[in-house]
Amino acid sequence: MTDTTLTDRPPRLDVEALERMYSLMLGTALADQRAAAESKAGRLMAAFYPVRGMEAVCAALGETMRTGDKMVSTYRNLGDALAKRMPLRSIIAELYGKAEGCSRGRGGPMHLQDQDVNFTATTGIVGSGMQIAAGLGMAEQLSGDGNAVVVTFGDGATSIGAFHEGMGFVALWKLPVVIVCQNNQWGEHTSIKEYTAAPELAQRAASYGMRAEKVDGFDPMACVAALETALARARAGEGPTFLEFEHYRLTGHTGTADFSYVPKDELAAAMERDPAPTFRKWLLANGHLSEGQIAEVETRVRAELEDAFQFAQNGTDPVQADIYEGVFENDEFARSVDGA
Amino acid sequence: MTDTTLTDRPPRLDVEALERMYSLMLGTALADQRAAAESKAGRLMAAFYPVRGMEAVCAALGETMRTGDKMVSTYRNLGDALAKRMPLRSIIAELYGKAEGCSRGRGGPMHLQDQDVNFTATTGIVGSGMQIAAGLGMAEQLSGDGNAVVVTFGDGATSIGAFHEGMGFVALWKLPVVIVCQNNQWGEHTSIKEYTAAPELAQRAASYGMRAEKVDGFDPMACVAALETALARARAGEGPTFLEFEHYRLTGHTGTADFSYVPKDELAAAMERDPAPTFRKWLLANGHLSEGQIAEVETRVRAELEDAFQFAQNGTDPVQADIYEGVFENDEFARSVDGA
Amino acid sequence: MPETTVQSMTIAQAINSGYHCAMEADDKIVLLGEDVAEPIGGVFKTTKDLSTKFGTDRVRATPIAEGAIAGSAVGLALGGYRAVAEVMFFDFTTHVMDQILNHAAKFRYMTGGATPTPVLVTTVVGSSHFGAQHAQSVESWFMHTPGINVCFPSTPADAKGLLMTCLESPDPSLLIQHSGLLYSIKEEVPVGPHRVPLGKAKTVRTGDDVTIVSYGPAVRIAMAAAESLAQDGIEADVIDLRSLVPLDFPAVFESVERTGRCVITHEATQFAGPGAEIAARITEDLFSELQGPVLRVGGLFTPQPFAKTLNRHPTSERVVAKVKQLF
Amino acid sequence: MPETTVQSMTIAQAINSGYHCAMEADDKIVLLGEDVAEPIGGVFKTTKDLSTKFGTDRVRATPIAEGAIAGSAVGLALGGYRAVAEVMFFDFTTHVMDQILNHAAKFRYMTGGATPTPVLVTTVVGSSHFGAQHAQSVESWFMHTPGINVCFPSTPADAKGLLMTCLESPDPSLLIQHSGLLYSIKEEVPVGPHRVPLGKAKTVRTGDDVTIVSYGPAVRIAMAAAESLAQDGIEADVIDLRSLVPLDFPAVFESVERTGRCVITHEATQFAGPGAEIAARITEDLFSELQGPVLRVGGLFTPQPFAKTLNRHPTSERVVAKVKQLF
Ligand SMILES: Cc1ncc(C[n+]2csc(CCOP(=O)(O)OP(=O)(O)O)c2C)c(N)n1
Ligand SMILES: Cc1ncc(C[n+]2csc(CCOP(=O)(O)OP(=O)(O)O)c2C)c(N)n1
Ligand SMILES: [Mg+2]
Ligand SMILES: [Mg+2]
């Protein structure tokens, strides 16, 4: 994890693509910061899970997934949502529990989704997304539409039974699922070294009878390459791939959490590869983008973020009269039970 | 699975040991038959899960476990219970739901146990024993008594999350657990070839970071050898071992179930290695036991079985007045809730 | 096939017939469960012939992993399909609680309506041959979590009708079958599509003296009690709820308003069970109409004992005794 | 330390103190859960310093696998130890249902008394910051399965006292903590061992006009309602149940016999919730003493919405309104 040389750009990624990738990396990092600041200021009550450290993987997902591909994510989902091209406004409004949010303020940041772009589901329960992805994989296989399903989750999720059961289903029926394990070395406050005797997650995944690969999750172009292959296989009906993206969590578990327990040397080494600034340097050094172009991107990202937070803070609060909406398609029974 | 040559006897197994092993194999096979006959005759209402096919492993467990070793088993538990030297009477009485049964008729055959011999627990829920064994392993590790924990379950149980979670715990803390997977190639009516893309269970187990081995489960002496090593390691604090015993289910899933779906050729090949008769032949061929000695064993086993069924059928039925006994240590609340 | 063609069926056959009709009409229906495919067609024979007719892509015999069965059903629903997640015994639904109650039941609400998740969980309860881990009737766990329909039919026609309705419902559902009823009763059931609305109770006996509310296997107990009470001149209205969510409170209220007396009976444990809600609710709405408290006859506060001589379930004698307390 | 030495503590501190006392006295106690060890000492700080003092063999930070946490606790109990299985949020107990309700709660019964399985499951509920999957109060699931104690303390002293009692109970227990109460209230709590008996309710306010029954976070709602009612001349008895299994029906009956009126309030969903059982039971036993139906104010029939402007929980206004219906 000390090698900071990034893999070369694949020819198909043009300047616009690289700009999008940098925007996504920078956008998530800035949104993390902003949300943390808003939380500390008491203006934001949501628990918020920063993406910092895994931005390269998210940016690569953004360039390799198609709109038709379905995605299942977790509570740590901002990068995934942006990779799926969800509008930032609807994301941040959901963070504030506003009616303009993607889930109309009912779900909160742990339950972002956007059916228009097939950001299909997010779950706050560690590991459960893997089982849901198996079902989505069956749906894709049955429909024969040639789309893939992408499921993301952390290293810690590999301990829970739901992960294992989902792996079994996906492998057995060769479902078109790309399994993205974001190995940031930590599950909340516990290091991977402490919670498993078998930290080689890709190896364990291979033993289920599926293709598995370990990828440098700090290297955007390596991530693009691995995802491209896996997605192509899935779409071609060649079955699932497990990708372990190795990187490091560069923040606390939540936006406001203390993380002094993270070993200083490990963190410092990982910080050297902090995705957005590292990618920025690489874009410049390799002549892909000029200082001016970078500045333009940065200005735009900041403006979009500012706009989204403004939009959210000016949003509408859901009203109590609507509290029964969506328990069932028809609210009648729910209301009648409470005499409402 | 076509090689019928059995491994040589290890020197430490004397004639008495070989007799015990044959008794156990024969006893379970005969008990299976008898219980099935009683069920068909309508005298026995219990669901009963025959051991036939895995007797060699059970017999080997009987010779390698010590009384202090704890065991966790399943619904398919008669061979395990006998390996732990549970009295046959208390087993069969439980089958009939009699007060003389090991669980006083409250549990039934799915819940045999005998704390005197550390036949600690049985579960009717596939896979759950693995998690319980992890806890028992912690208890042994904490107490430092130098005993091992043995957990048994079927091949099908490797699909469920509980199995995986338990494996993770046992591997992580190097618990003194011997994990006995009875691979009889079937989970109810579904063949292992149909329910997993990775039928090499020992390989998958190894990927958790523990010692794992595949053993010919039709070969009693190979079973003894594998178990001896694994138990010694556990007792010495060297950690867990996963043993996949490969054999074949020679009956239906339950004592009365149809199993015409089992491929005739596979079944016929496996029948060639039917544990009790094969062991009988081997004992004679190798001069370990004479025809007379064998006949004596057989007479004794039949008599014991007859005695146990008689004992059970003459047993006492639990009475309704005692129905609240054991919900809690103190029955008072349970009774008061029902106004009893 | 017109709805008028009927055939004598057991509940197991009616359920099977319901699957055939529904899967023919809707090629988005997928069945997942242990041993659901041929040659077995389900350990209770309710999924017989389905894999032969609809293929093993739509009728999948799964690994032993109830969580993934349920989770896959959720994923299929989100992907535009409609999956049945078969859980062999009710006790094993402990393994589907996360996917069904944390996910399926909440997905529509948590996404502001964007992701309805219509899955159907089916399961079986009722035998004591297997002991305490294959016998608990835990419908109240599912009732207590808003967002999922809960049905427990007591007859073949209702079983088919509720199954088909659940398979068309926009919401997740749980359909419980009772092993004691699966093969023991036969009645004429429409061969073609047949639907029973959710939340509509059925009055299976009429009387003006007392209301006995019940569902599933306890309906037979309620009927036996009613017959016995009739000998003593007490005429009971017997109501088969058929679904617990939604629950037909209007029908229950109508009857209790008339009779002024009510006893509820079910096999589920009485303490914190479905009858508690029904009793509390009747009392809230009809207090001044009541001649006495609403009484309950549920499962005793014990696990399922194995011995046949120990009975924790309602009997008609227990129901009769409770009714008589009200006179 | 004599029980008379007291110190001002929050619930989080009191729980922590309870662990310290219990683990000092009984070296068979083992704690299992995610992040329970130092340097974090539990995400809610309730297990602070324990791993430092008692070692990581007895205080194990586990992998993320609630089923194995619970199953290990069961195994430890069968092996002569007493384990605490910490489940970070109540909703995640969906993953311990099999081990706790199919195994721990039934093992004593299923083995004719041979294998009592005294484990303690602890969990936290109460925040809406996380949305619908981190907010459901499902104590009624556990009440409904015979064989497990269920406690929900509302004060620091009760939290410590119930914890220590559960850690000495011969039966499995569930102890629920509320995140809204963990740090917000302080009271004097014995520094040394302190025990509160199971099944003994506490009358936290006396009055002869109406009984308000409550537990956990709703006790504060009940008290606020009582204060408001007093302004209108209605004096309420307020009962904090503290444990739901066993449930102190005698204390409740004594009060309702006196007041003739009762309202029950809790955060758990009202439908098929704990209040249904309590209401049904009061009505069964005290029908002729009642001036009106026993009424309930529980959680609305919805998942937990994320927006702060949507409130599904009881408020003192809702309780007051219900009480006034009885006059
Ligand atoms: C079943 C379950 N158990 C516990 C939690 C609490 N929890 C939330 S995130 C988390 C850590 C997950 O670690 P990992 O999978 O590595 O993902 P990361 O947070 O590092 O992205 C835990 C334990 C949960 N949400 N679900
Ligand atoms: C969680 C759970 N799911 C389903 C069942 C029903 N069931 C009982 S035995 C069995 C097959 C188990 O197969 P395997 O583990 O190979 O053991 P075997 O019966 O072959 O010995 C099934 C599915 C169960 N008891 N528990
Ligand atoms: Mg992680
Ligand atoms: Mg098997």
Side-chain angles (χ1 to χ4, degrees), chain A residues 125-132 134 137-138 141 153 155-177 179 181 187 190-212 214 237-242 244, chain B residues 125-132 134 137-138 141 153 155-177 179 181 187 190-212 214 237-242 244:
Chain A
I125 311 292
V126 167
S128 300
M130 189 67 218
Q131 295 174 332
I132 295 172
M138 288 179 206
Q141 195 179 59
F153 54 84
D155 48 290
T158 60
S159 302
I160 200 162
F163 165 76
H164 164 88
E165 294 187 0
M167 289 289 280
F169 275 41
V170 164
L172 173 59
W173 286 303
K174 304 202 189 325
L175 302 176
V177 181
I179 301 154
C181 178
T190 307
S191 148
I192 188 167
K193 289 171 248 163
E194 279 159 51
Y195 71 68
T196 180
E200 290 299 328
L201 304 177
Q203 250 172 50
R204 207 178 328 151
S207 81
Y208 286 91
M210 70 171 79
R211 194 168 161 273
K214 183 161 154 178
E238 291 163 22
T241 305
F242 180 94
E244 175 191 355
Chain B
I125 310 292
V126 167
S128 300
M130 188 68 218
Q131 295 174 332
I132 295 171
M138 288 180 205
Q141 195 178 61
F153 53 84
D155 48 291
T158 60
S159 303
I160 200 162
F163 164 76
H164 165 88
E165 294 186 359
M167 290 288 280
F169 275 41
V170 164
L172 173 60
W173 287 303
K174 305 203 188 323
L175 302 175
V177 181
I179 302 154
C181 178
T190 308
S191 150
I192 188 168
K193 288 171 247 161
E194 279 160 51
Y195 71 67
T196 179
E200 290 299 329
L201 304 177
Q203 251 173 49
R204 206 178 329 151
S207 81
Y208 285 92
M210 71 170 78
R211 195 170 160 270
K214 183 161 154 178
E238 291 163 22
T241 305
F242 180 96
E244 175 190 355

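Note that the structure is predicted; figures quoted are calculated from it, not measured. Lettering of chains follows the sequences in order, A, B, ..., and the numbering in each one begins at 1.
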### Residue part contacting chain A, namely of B/F163, when any heavy atom lies under 4.5 Å
side chain
### Message
Please find the pair of heavy atoms, one from B/S207 and one from A/A198, that lie closest to each other, and give the distance.
### Response
O-CB, 3.2 Å
### Task
For chain B, find which of A/G209, A/S159, A/G168 contributes the most heavy-atom pairs closer than 4.5 angstrom.
A/S159
### Query
Between B/Q203, B/E165, B/M167, which has the largest tally of heavy atom pairs under 4.5 Å with chain A?
B/E165
### Summary
Cut-off 4.5 Å, heavy atoms of chain A, and the answer for B/E194 is backbone
### Query
Which pair of non-hydrogen atoms, one from A/T196 and one from B/L172, has the smallest distance, and what is that distance?
N-CD1, 3.6 Å
